[in-house]
Amino acid sequence: MSEVKLEDIVSLAKRRGFIYQGSEVYGGLSGTWDYGPLGVTLKRNIMNLWWKTFVDSRDEMYGVDAAILMNPGVWKASGHIDTFTDPLVECSNCKGRFRADHLEGDKCPNCGKTGTFGEARQFNMMFKTNVGPVDDDKSISYLRPETAQGIFTNYKNVLDSFYPDLPFGIAQMGKAFRNEISPRDFIFRSREFEQMEIEYFIHPDEWEQMFEGWIKGIRMFLTSELGLPAESIHELEVPEDDRAHYSKRTVDFEFDFPIGREELLGLAYRTDFDLKNIHDNAGKNMEYTIKGTNDKFIPHVIEPSFGVERMIMAVLSSAYREDEQNGEKRIYLALPEHLAPVKYAVSPLLKNKPELVAKAREVYDALKKKHGNVMWDDNGNIGKRYRRQDEIGTPYCVVIDFDTLEDDTVTVRDRDTTEQKRVGLDELVERQDRSL
RNA sequence: GCGGGCGUCGUAUAAUGGCUAAUAUGCCUGCCUUCCAAGCAAGCGAUGAGAGUUCGAUUCUCUCCGCCCGCACCA
């Protein structure tokens, strides 16, 4: 399973309508990806599952959906304008480029020459744009490089509307943009991506136990909900040197991707850094008063930050299977049933028998009405349909044959075992599955 | 962003400075088919974009775009 190659996933994703290169007909645009009919469903299933797990099924969570364009003051205060701007210098000898603030002296780390560096140039990883019709310095804004700030800027609004007890959290899913120097590895690092983030507001005295609680919650989500194999998930305690300056503890959840072990999501204790910024810079009181007391303080924050595309890549690569069937290679996606873009494929055993087709249509309509994500498939022969559905991860293929006409039972074929069971129609339609 | 490699139907591959760019698979239409890519027949579908050299370029050259590998980057 660790032998899954990224190119196999990319090829399947394109061939079967999950993920295409962005702007492909115009030659593409580096770092962008488009989701096809199956991909968008898979993606939404994952996002809905996350929302259901961390927001809908909890009492202390609140959702928001903030604007992508924000007042540039946000990015000044957050440090993004300063720290996302890396001064780069170029060596005139070997043409290598390096971050000026990472160099020791004027010796080129590549070719070893000294005194070959030109002037440092700024490179900002935020996408800059202009708000309003006038293109001048005053109109500059940025596409958000993270969704977190849209939560912090609404912290006060949520307080005013709900005044929840601590601890409570605000969650958001949405697009973020980073002008990466080199987007790579399929959807793993792209310039436009989607985040799912929570800012969990706590009393500072409780941060350690809250942090542990989030570690457990995340583990549970990755394994029980997303169905990722526990042995492929690794928790990395990020050492102080590698942490953001405001973070007192960060744990990266890493995953064994086809491209190697890489970060899947991050969990960071951000202290009161962000709210304090707003408190100090925007002149707004961000303090929280414990109800019935005069105990006032700026809440601290624990931030789980998920990348949607990385979840998708983890799910796809851990679901990708190849095995042998009658001497032929069989490719299938062992997706958890509740994530699969198509849950049932319905076929008449034979396409040229009108009574079978009519009955199959009935079954299809009934299942579609009940479950939504059901596909009609009468292409070629039955074996071909099975293989086709295997590749897109459809857990169940329902086949209507001559017996169905007699006793209202159908064949349900299982994707992973390829075994077939005879199931009553009523039982199938009323079957409770894990809904999203 | 640097260095190297690469770019041919949806996918995977082949070939060529000159006839209609080939094969498999896929897709599609018809026939057939009583459970794991069967068969028959017809069809669709590509030289990434632009410029140059040339009588003629998919092939050679250049620019751009994109992909892959390494370096760097990944707040």
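Numbers restart at 1 for each chain; the letters A, B, ... are given by sequence-line order, proteins then strands. All values reported here derive from a predicted model rather than from experimental measurement.
Picking from B:A37, B:U34, B:C35 the nucleotide with the shortest atom distance to the side chain of A:Arg422 gives B:C35. Taking the side chain of A:Leu29 as heavy atoms from C-beta on, and the options B:U34, B:A37, B:G66, the nearest nucleotide is B:G66. Picking from B:C36, B:A72, B:C69 the nucleotide with the shortest atom distance to the side chain of A:Asp185 gives B:C69.
Looking at A:Arg330, its side chain has no donor and acceptor atom pair within 3.5 Å of the base of B:C36. The base of B:C35 sits within donor-acceptor range of the side chain of A:Tyr386, with an N or O pair under 3.5 Å.
Summarising the local packing, CD of A:Glu237 is surrounded by more than 12 heavy atoms from other residues, nucleotides or ligands at distances under 6.0 Å. Around the CG atom of A:Asn130, the shell of radius 6.0 Å holds more than 12 heavy atoms that belong to other residues, nucleotides or ligands.
Using a 4.0 Å heavy-atom cutoff across all strands shown, A:Arg385 reaches no nucleic acid atom at all.
Note: CD1 (A:Ile259) to P (B:C68) measures 10 Å, nearest angstrom. Atoms CD (A:Glu262) and P (B:C73) sit 14 Å apart, rounded to a whole Å. If you measure from atom CZ of A:Arg184 to atom P of B:C2, you get 12 Å, rounded to the nearest angstrom. When rounded to the nearest whole Å, the span between CD1 of A:Ile331 and P of B:C36 equals 20 Å. Rounded to an integer number of Å, the gap from A:Asp323 CG to B:C36 C1' is 12 Å. If you measure from atom CG of A:Asp34 to atom C1' of B:G10, you get 16 Å, rounded to the nearest angstrom. Note: CZ (A:Arg387) to C1' (B:C35) measures 12 Å, nearest angstrom.
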Please write out the pairs of protein N or O atoms and N or O atoms of nucleotides 11-13 of chain B separated by less than 3.5 Å, giving the distance to one decimal.
residue	atom	partner	partner atom	Å
B:U11	OP1	A:Lys14	NZ	2.9
B:U11	O3'	A:Ser11	OG	3.3

Grab the N/O contacts between the protein and nucleotides 22-32 of chain B below 3.5 Å, and write none if there aren't any.
residue	atom	partner	partner atom	Å
B:C27	OP1	A:Arg388	NH1	2.4
B:C28	OP2	A:Asn379	ND2	2.7

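Atom P of B:G48 sits at a distance of 12 Å from the matching atom of B:G10, rounded to the whole Å. Distance check on atom C1': B:C9 versus B:A24 gives 12 Å, rounded to whole Å. Rounded to whole Å, the C1' atom of B:U16 lies 8 Å from the corresponding atom of B:A21. Rounded to a whole angstrom, the distance from the C1' atom of B:C2 to that of B:G18 is 41 Å. Rounded to the nearest Å, the gap between the C1' atom of B:A41 and that of B:C32 is 11 Å. Here the separation of B:C71 from B:C60, taken at their C1' atoms, is 31 Å to the nearest Å. The gap from the C1' atom of B:U25 to that of B:C62 amounts to 37 Å, rounded to the nearest Å. Taking the C1' atoms as reference points, B:A57 lies 15 Å from B:A15, given to the whole Å.
A ring pair (Phe, Tyr, Trp, His ring centres under 6.0 Å) check over residues 24-45 of chain A, counting only residues at least two apart or in different chains, returns the pairs A:Trp33-A:Phe186.
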Before you tell me yes or no, could you show the steps for A:Tyr320 and A:Tyr332 under ring pair (Phe, Tyr, Trp, His ring centres under 6.0 Å), namely the whole-Å CA-CA distance, both residues' side-chain angles and the distance that decides it to 0.1 Å?
CA-CA 6 Å; A:Tyr320 186 93; A:Tyr332 66 105; 8.9 Å; no

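Under the side chain to side chain donor-acceptor pair (under 3.5 Å) criterion, A:Lys128 pairs with no residue at all, not counting sequence neighbours. Listed by chain and number, the residues in a side chain to side chain donor-acceptor pair (under 3.5 Å) with A:Arg413 are A:Asp390 (sequence neighbours excluded). Partners of A:Tyr396 under the side chain to side chain donor-acceptor pair (under 3.5 Å) rule, at least two apart in sequence or in another chain, are A:Glu337, A:Arg431. With sequence neighbours excluded, the residues that form a side-chain contact (heavy atoms from CB on, under 4.5 Å) with A:Val308 are A:Lys43, A:Met47, A:Glu194, A:Met196, A:Ile312. Remark: A:Asp378 pairs with A:Trp376 by the side chain to side chain donor-acceptor pair (under 3.5 Å) rule, at least two apart or across chains.
Of the residues in residues 399-407 of chain A, A:Val399, A:Asp401, A:Phe402 come within less than 4.0 Å of RNA chain B through at least one heavy atom, sorted by number.
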Contact letters for nucleotides 41-47 of chain B, in which S counts primed atoms plus P, OP1 and OP2 and B counts the base, heavy atoms under 4.0 Å:
-------

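Residue whose closest nucleotide on RNA chain B sits further toward the 5' end, between A:Val25 and A:Phe186: A:Val25.
Ionic pairing of A:Lys369 and A:Asp365 is not present here: no N-O contact between side-chain nitrogen and carboxylate oxygen is shorter than 4.0 angstrom. Look at A:Glu192 and A:Lys175 and you find a salt bridge, because one of the NZ, NE, NH1 or NH2 atoms lies within 4.0 Å of a carboxylate O, short of that distance. Contact check on A:Glu235 versus A:Arg219 returns a salt bridge, with a Lys/Arg side-chain nitrogen under 4.0 Å from an Asp/Glu carboxylate oxygen. Ion pairing between A:Lys329 and A:Glu322 holds under the 4.0 Å rule for side-chain N and carboxylate O. Using a cutoff of 4.0 Å between basic side-chain nitrogens and carboxylate oxygens, A:Lys248 and A:Glu240 are not scored as salt-bridged.
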When the side chains of residues 355-363 of chain A are checked against the rest of the protein, which donor-acceptor pairs come out under 3.5 Å, sequence neighbours left out?
residue	atom	partner	partner atom	Å
A:Lys359	NZ	A:Glu362	OE1	3.4
A:Lys359	NZ	A:Asp408	OD1	3.0

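An OP1 or OP2 oxygen of B:C67 is reached within less than 4.0 angstrom by a side-chain nitrogen or oxygen of A:Gln21. Between A:Ser30 and the phosphate of B:C67, there is a side-chain N or O to OP1/OP2 separation shorter than 4.0 Å.
For RNA chain B, each stem of at least three Watson-Crick or G-U pairs (distances under 3.5 Å) is given as range with range: B:1-7 with B:65-71, B:10-13 with B:22-25, B:29-31 with B:39-41, B:48-52 with B:60-64.
A donor atom on one side chain and an acceptor atom on the other are found under 3.5 Å apart for A:Ser305 and A:Glu197. Checked by atom type, the side-chain pair A:Thr404/A:Asp401 shows a donor-acceptor distance below 3.5 Å. Defined by atom type and a distance below 3.5 Å, a donor-acceptor pair is present between the side-chain atoms of A:Gln389 and A:Asp377.
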